[in-house]
Every structure is written in C-alpha cells, then in structure tokens.
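Heads up: the structure comes next, in structure tokens.
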Amino acid sequence: MISVTLPDGSVNEYSAGITAGEIVIDIEGRKHECIAAMVDGSQSDFSTVLESDCSVEGISGFSDEGIHIMRHSAAHLLAQAVTTLYPDAKPTIGPAIDRGFYYDFANLEDFGESDLKGVQKKMHEIARRNISVERVECSEAELGEMFSSNPYKMEIINDKLEDGAGSTIYRQGEWYDLCLGPHVHSTSKLMHVRLTSVSSAFWRGDQSREQLTRIYGIVEPTKESLKSTMAAIEEAKKRDHRKLGKDLQLFHVDEEVGQGLILWTPRGATIRTCLQNFISEHLTRQGYSQVYTPHIGKLDLYRTSGHFPYYQDSQYPPLVEKDMMIKLANEGCTCGELANLMSAGDIEGYMLKPMNCPHHIKIYSSQARSYRDLPLRLAEFGTVYRWEQSGEISGMTRVRGFTQDDAHLFVTEDQIAGEVLGCIELVQVIFEALGMSDYRVRVGLRDMDSGKYVGSNEKWELAEKACRDAASSLGVNWSEEEGEAAFYGPKIDFVVKDVIGREWQLGTVQVDYNLPERFGLQYKGSDGEMHRPVMIHRAPFGSMERFCGVLIEHFAGKFPTWLAPTQIHVLTISEKQVAYGQDIAAKLKSAGVRVELDDGDDTIGKKIRMHRKFQPAYMLILGDDEANNNSVSIRARNGDQRADVAFEEFLAELQNEIHSKAATPALVPPQSN
RNA sequence: GCCAACGUAGCAUAGCUGGUAGUGCUUCGGAUUUGUAAUCCGACGGUCGAGGGUUCGAGUCCCUCCGUUGGCUCCA
C-alpha cells in the first residue's frame, strides 16, 4: 500500500501500482473535468503508475495548466490528421502557445486556408474514435529507428538528447510523436477544436533554413467554452485599430504615399495633439528643455553614431548630394557601382534620420558643458524613418515613419539611478492616466554569447544594475530578458498586447555609455577635470503612431472626454431648434470644447445613428423643451440619458471632466434597467 | 525579405463552371420637420489594385508588379 495525500490535505491508502488517473477518479468522481494529474507537484499523465507515497490532484481542463496540456495534445491530434491526409508531410514541432497551439510541417507546400476544413474534419473523426494516448519510454536506438524517415525529428533527437539517453514518445493508434508530455489520456478529450489559420515558419526560427507550413488552432474543454472563445476573438477583431481607424476616420495609409507612412487625419491628429500636450506639461514639470531638429542629417553623423553601419539594412537609402551625383555620372559610374558606394558608405550624402540622438548630442556638444549643466534633458517629438521589412508593416503599430516622444538625458554617473527612475515614473504616470494597467515590464539585457554589443563589460554591468534597480523600485512585476538590450546599452521596456494578442513595445528607457564615447562628449567636473557624461534615451509613449494604435484598441474607439476627437455632437430635433442648436454649439466652441452640430432635417433617430459611429463623449439632444429652458438633454454613448440639464450646469461639469482628464465620460449617471 | 490568402464605387458587400457589373449605407437633389440606433422618392458614383497574356469575348483563366491580411524573420 502507498499513502497518497489528496488536495484537501487528507491521506488515503491505495495499493501500489495504481495510476494517477484512477486516484483522480476516486477523488473527483466519474464525471470529473480533469484531463491530467499533478503528482508531487509535477504534471503527469493519468497513466502514471504510482509505486510510493506521494500527493495527487487532478488538473482541470479549465485551469491554466490543463488548457496548456490540452493544447499540446491537440497539436498531436493535428499532426496525426495531417499525416493521415498528407502522407508525405513531415511533422516537426508543435507546441501549445498562449492562445492555442500550432504544428509545423515540412513537405506540406501549397497548403492553404481552404484545406483547413478537411484537416479539422479528420481531427474530429480521430477524436471521436476515443483513441487512448500512451506514453512509451524509448531508447536512443529505438527513437532513431522510429523517426529515421523524419530528418527534423532526428535533428531534435541528435541535438537535444544526451548521448545514449532515451526519451519518450506518445502513441495514439498508429501515430506517435517524440514528446515529453504529459498529455490527455484519450483523443476524445479534444473534441472541441478549431483550426484558425495557416502560415509559414522557418525551421528552428532560422531564416536560412527550410520554410515550413504552420497550422494554428484553438482547443477548449467544452462546446460552450469553444463557442465563447470564438465569440471573444470575433469581438476583439471589432476593436482592431485598423478597422476603427477607418470607421472613426482617425488615420489613413495611402499606397501612393507609401507603405507604413501614416497620414493623420483631423480626428486622429486631435488625439495626438492632446497626448503631446499632456506629455509637454510633464516635460516642463520634470525640467526638460524642448528642442527641434531636422529630419535629415549627414551620413557621417550616423557613421560616428554607429547607426549607419549597424542598421544599414533597415534604413532608407542615403540621399546623395547633387554634386556628388554629377561627378559620379561624369566618371561613368553605373547604378550598381553607386549602390555599392552607398552601402560601403564611401560616398557623401544625407540620411533620413533613423534616430534623434545624434542631433541631440550635437546640441549637447554645441557648448562647453560643466557638471552644473547636468542633468541636461533634451526633449523633442522627433520623427524618424526606418526601412521596416515590407511583410512586417501593419496599421499604426509597425510603420516606416514615426514620431517618438523622445528625450535624451545627459547625466553624470551619480545621476543615472535617479534619472532612470524619473523616466520610468513618467511612463507610469502616463499609463495610469490612460487606465492602461495591462502591461508588462521587461528589462532587456545583453546576450552574453552575442558579439553585437559595443562598450566595455564594466559599463554594461553598471548600466544593467541601474536598470534592474529602477525596475524593482516600480512596484510592478518585471522580467529580465537576455538578448533584448539595444546594441549600445540595456533598457527597460513597457510592453502591451494588442487585440489579437501581439505584443508591442511602447515606453522605453535606455542607458547608454556608448554614444557619449563615440562622440567624445565631455563636461568639466567640480574637480576641474573633464569627464564623460552618460546618456539616457527615453520615450514614454514610444512612438505616437504605435501608442495611438494601441490606445484606439484599448478604448475600443471610445476615448475619454479629454481625448475624444469630437467631444460633443449637438443634434436638433426639428428645424424649429436650429437657431438654439447653433447658439449652443457656438457657446461650446468658444469655451474650447470640440463640438459638431447637426441641424439637418433627418429624424433624431437617424441623427443619433449617424453620429454614434464617431463616438463623441456625449450627444446633446435639443428640442422645444430644451430651447425654452435654455437646457440640454445629454445622451451618453451607451444610450443612457440625462434630460433637461441647464446649459451652464452642463458646461461646468463638462469642463471639469475634460480638465481632470477623467478616464471615462461620467456626466450621465448609469441607469438601472 | 519569405510562405499563404486576399484586393469589385467613400464604406460594407453580390457576381456559379469566362459573355461587356448588382445591392445597402454615405454623398447630392426633392418631399417631410419628425423627441433618442436608419422617413420617403430620385440622382450621382465602379471598367472590377496596376500592367501584360490566353480567348471571338475576362471582374471571372495565366504571368509580373503594387498593396492588404495571417504568420515567420527583423525591430536602434
């Protein structure tokens, strides 16, 4: 007999050799919703045989661990279905991910979305057959034999397994896969699966290797949960900033202007202006000096900074000086030669600036600096241009021209910690003001194995420590991530997810010992000696484009009153109130409120319907009653109403709401019913 | 950049196996003057992303390019 500790703390005796699954059934009953077991705190199959004392509990298909196991098992099911239908396809890897699972296949070319249906049907068929999933221990030799026809699996076996060590496979019917598990015990647990998309991926994430076909899917424990998950995905798509940006007329991208180049239309520009004003207030408060610099700079500047050689592939090609072009043309230079000269940097010219720092550095060095000048904080809404890969460009979140709410702080070594702290506090203030609480903080550190970084070890150590210290003082969870540093220094990033689960870096604070050295920056210390300042790069929004894109999704287009492109839409009931409507609109306008008037001859129902799509904070409905009382009826976005409010009272409340940057419009109290 | 899918008026969409484009909303004109998610009638608006090809004939088939979407890779 063995003693098994159960979830409630009690201890039961079972005969040795019992399986984890049998115990789960014993404690949870036959109708349990568990799909695997936790044995001594580690995830295990139901089939795990227990020979000694331990603790056992079930893992529900609804728990985080449970859904992860189901996803992983569903990936196996997918691979089984694909290899059944496409015998030449070679399964490679197929993990569970945040929102579901995928499996990558080689030899599955020309597979498209339209093929998903058939595969999904086959998956359901296999699931219905209730095939048991077995774990089998295998020696290295056995594995070699079983996977001999699959070079990808063999590569994993050869790379990941210690010499001589075996591993496990999971078998379901004829099909089996190399895997550590655990898995659900039967394919029948995977009935509620849906394939969502097909795309491609490189084998082992390496661009130089084979391109594989990747199939994505989601799986849920029940029919209902699958349905609600699918509904949630659909719902999220409605918040996509690309869709809302069009519906609310916030921005436009025109292919004749260029991919990834955002045209801010009036309504979107209003939001941006409000945000920039908001930041500017904080800049003044925090002792920043605002500067302006041009959009281009000489190539040599970026040779000195290192950006030109380092990021050459992701920059717009240089603008070559006219005289140089003429000279080269007279010398018979071919286009090919010109391209070579450009990429080698053996040519003079200008570049669209990919970064603001070199310009700001030149402002620093335009004067002799003393320790009394530091910290010197130079801020600019600086527009930069980067040649992002065409396949990467997306809406406002990944673009080729964008404006950073940038600043560079020139500080002494002693000031680093305090200034980094000030920077991340600013980021926090902004996130808080906008109600963006769903972000993660990432401290990007060097990848010790990579040679791409510049600067000495000691300086990196110091900078990394400053970042860690600042992050831990934040009072929120943060993680260290190797290899996420910039080439010149470590950084603290604020990362948020968009509606379809993609992560975007917004605010960032970076410590940089490198550029001051490259540019030979100096200041005279109190000791009379010359010292080198340290730079801090920081952008609380990151870029205005990306931030606004994320913000559109965050608010689902329903911006708080202070940010709403149009705050009030005034709608008249009939032509009898046209004069009153114009009067109210004019008064609001002169009070600084962004207002739109509709005194046309549509019915009020039609007007509301038409104006709703622009999501003003409030609509004012003006009929005879209001005109007679010098009042307004306020209609909130959700349709709630507050009738017959004296205009002056409304205006005072509205202005208060705007000035306080209230997170949500609240002039109409929520109505019960 | 790579793989796949897609690209019809401002927006949303119909158009089967090829025979010279329909609809709704918007807009404009007219009628109506209407209390909180679409009043009625009429008109304008597309040559079907661009270019080339096959065909008697292409939105519909083929090729190239541009763009969009989903991923991969990249991201100062």
Side-chain angles (χ1 to χ4, degrees), chain A residues 102 104 108-116 196-216 237 240 242-243 246-247 249 252-256 258-260 302 305-308 310-311 313-315 353-358 384 386-395 398-399 404 406 452 484-489 491 493 500 502 504-505 508 510 512 514-515 537 539 546 571-578 599-613 619-626 633-641 643:
Chain A
Y102 68 78
D104 286 349
L108 188 62
E109 284 86 24
D110 294 328
F111 185 91
E113 306 262 326
S114 56
D115 301 309
L116 289 179
T196 52
S197 67
V198 45
S199 66
S200 78
F202 297 105
W203 171 233
R204 304 193 109 177
D206 185 341
Q207 210 166 353
S208 68
R209 304 205 59 181
E210 299 89 317
Q211 187 135 340
L212 309 172
T213 300
R214 174 172 296 182
I215 300 175
Y216 284 90
K237 280 185 188 160
D240 191 314
R242 290 164 299 191
K243 176 173 167 41
K246 197 177 274 184
D247 291 349
Q249 298 172 6
H252 173 66
V253 182
D254 196 296
E255 65 175 279
E256 286 198 57
Q259 247 195 318
Y302 302 104
S305 72
H307 291 113
F308 179 63
Y310 191 85
Y311 287 108
D313 292 343
S314 46
Q315 287 164 352
K353 68 177 172 186
M355 288 285 280
N356 298 304
C357 17
V384 298
R386 297 177 187 176
W387 186 262
E388 302 289 357
Q389 297 185 40
S390 61
E392 203 42 77
I393 291 169
S394 169
R398 194 73 184 269
V399 293
Q404 299 175 307
D406 210 359
K452 74 170 188 175
E484 289 295 321
F487 76 96
Y488 51 72
K491 55 179 184 164
D493 290 332
I500 50 180
R502 292 181 292 204
W504 299 103
Q505 176 202 306
T508 181
Q510 313 177 354
D512 179 8
N514 173 52
L515 284 177
H537 308 240
R546 177 176 293 178
L571 316 182
T572 54
I573 301 263
S574 79
E575 69 184 12
K576 283 182 281 177
Q577 300 89 34
V578 169
D599 57 3
D601 57 2
D602 284 321
T603 61
I604 192 65
K606 175 72 175 289
K607 286 183 185 177
I608 288 168
R609 187 176 179 90
M610 295 305 295
H611 287 264
R612 218 182 78 91
K613 79 166 187 174
M619 292 188 219
L620 298 185
I621 313 294
L622 306 183
D624 278 341
D625 297 348
E626 289 79 9
S633 282
I634 314 170
R635 185 185 203 277
R637 285 179 178 136
N638 64 0
D640 285 350
Q641 298 164 41

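Predicted model, so just to flag it, every value in this text is computed and none were measured. Below, chain A is the first sequence line, B the second, and so on; all start at residue 1.
- As rounded to whole Å, 10 Å separates atom P of B/C75 from atom CD of A/Gln207.
- Counting heavy atoms from C-beta on, the side chains of A/Ser197 and A/Arg214 never come closer than 4.5 Å.
- Residues passing the salt bridge (Lys or Arg N to Asp or Glu O under 4.0 Å) test with A/Lys607: none are found, sequence neighbours excluded.
- Of the candidates B/G1, B/U39, B/U36, B/G1 carries the atom nearest the A/Phe202 side chain, counting heavy atoms from C-beta on.
- Within the 6.0 Å centre-distance limit, the rings of A/Phe487 and A/Tyr311 are counted as a close aromatic pair.
- In this structure, B/A43 forms a base pair with B/U27, meeting either the Watson-Crick or the G-U wobble geometry with both donor-acceptor distances under 3.5 Å.
- Atom pair A/Asp247:CG and B/U26:P shows a separation of 15 Å (rounding to whole Å applied).
- Atom P of nucleotide B/A37 and atom NZ of A/Lys606 are separated by 14 Å, given to the nearest angstrom.
- In a base pair of the Watson-Crick type (N1 to N3 plus N6-O4 or O6-N4) or a G-U wobble (N1-O2 and O6-N3), with each distance short of 3.5 Å, B/A58 is matched with no nucleotide.
- Comparing atom distances between the A/Glu575 side chain and each of B/G70, B/A76, B/U33 picks out B/U33 as nearest.
- Counting distance only, with no hydrogens placed and no angle test, the side-chain atoms of A/Arg398 and the base atoms of B/C75 include a donor-acceptor pair under 3.5 Å.
- Residue side chain A/Glu388 does not reach the base of B/G1 through any donor-acceptor N/O pair under 3.5 Å, judged by distance alone.
- Shown here are the salt bridge (Lys or Arg N to Asp or Glu O under 4.0 Å) partners of A/Asp624, two or more places apart in sequence or in another chain: A/Lys576.
- In the set B/U68, B/G35, B/A76, the nucleotide with an atom closest to the side chain of A/Ser314 is B/A76.
- At a cut-off of 3.5 angstrom, the base of B/G71 holds at least one donor-acceptor pair with the side chain of A/Ser200.
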